[in-house]
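Note sheet for the following structure.
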Amino acid sequence: MTTLPDPHLSMVRPVEPTTPQGCEDCLRMGTPWVHLRLCLTCGHVGCCDSSPMRHARAHAAGDGHPIVQSFEPGEDWRWCFVHEAMV
């Protein structure tokens, strides 16, 4: 079986995290998070789907930036929110 690469990978850019200390939106709102995700299009740091506010998913939907990478130490994986799959 041949699998095609996710077409959203073309949106991946070299990025710097906008708020390396935590979820950009949670820091502004004063809300907690569980794990962090880094947008690979713009560098937005958002909280994961296990977090109360799910800011990474909201950023992906609102800004059209579907590919994130785990921003947790020791983790090296990427996720496409559109296809709900590892990339």
Side-chain angles (χ1 to χ4, degrees):
M1 174 189 282
T2 302
T3 58
L4 299 174
D6 189 303
H8 298 104
L9 287 172
S10 65
M11 299 176 75
V12 171
R13 305 281 180 265
V15 297
E16 292 292 324
T18 54
T19 52
Q21 69 274 24
C23 173
E24 180 176 335
D25 303 298
C26 286
L27 288 167
R28 187 177 60 253
M29 297 169 65
T31 55
W33 64 82
V34 178
H35 295 288
L36 299 173
R37 308 293 178 242
L38 175 66
C39 172
L40 293 180
T41 300
C42 72
H44 176 270
V45 177
C47 55
C48 71
D49 284 353
S50 296
S51 298
M53 304 303 287
R54 302 173 66 183
H55 286 121
R57 182 173 292 275
H59 173 78
D63 288 53
H65 298 168
I67 306 291
V68 294
Q69 180 171 321
S70 175
F71 198 53
E72 293 300 309
E75 293 185 2
D76 185 28
W77 54 265
R78 299 181 298 181
W79 180 260
C80 177
F81 281 111
V82 172
H83 292 106
E84 294 291 324
M86 301 288 268
V87 294

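Just the heavy atoms: all of them, side chains too, but no hydrogens, waters or symmetry mates, feed the values below.
In the hydrophobic cluster analysis, where Ile, Leu, Val, Met, Phe, Trp and Tyr join through side-chain heavy atoms closer than 4.5 angstrom, V12 is grouped apart from F81. Cluster annotation: L38 and V68 are assigned to distinct hydrophobic clusters (Ile/Leu/Val/Met/Phe/Trp/Tyr, side-chain heavy-atom contacts under 4.5 Å, transitive). Residues V45 and W33 share a hydrophobic cluster, clusters being chains of Ile/Leu/Val/Met/Phe/Trp/Tyr side chains in contact below 4.5 Å.
Summarising the geometry, atom CZ belonging to R28 is positioned 8.5 Å from atom SG belonging to C23; distances are rounded to the nearest 0.5 Å. One finds the NE2 atom of H35 at 8.0 Å from the OG atom of S70 (value rounded to the nearest 0.5 Å). Atom-to-atom distance recorded for R57:CZ and W79:CH2 is 7.5 Å, nearest 0.5 angstrom. Going from atom CZ of R37 over to atom NE2 of H55 covers 14.5 Å, rounded to the nearest 0.5 Å. Here L40 contributes atom CG and Q69 contributes atom CD; the two are 5.0 Å apart, rounded to the nearest 0.5 Å. Atom-to-atom distance recorded for H44:NE2 and T19:OG1 is 6.5 Å, nearest 0.5 angstrom.
Connectivity analysis of hydrophobic side chains (ILVMFWY, heavy atoms under 4.5 Å, direct or indirect) links M29 to M53.
Listed by first and then second residue, the ring pair (Phe, Tyr, Trp, His ring centres under 6.0 Å) pairs that reach into residues 4-31 are H8-H83, sequence neighbours excluded.
Partners of R78 by side-chain hydrogen bond (donor to acceptor under 3.5 Å, both in side chains), not counting sequence neighbours: none found.
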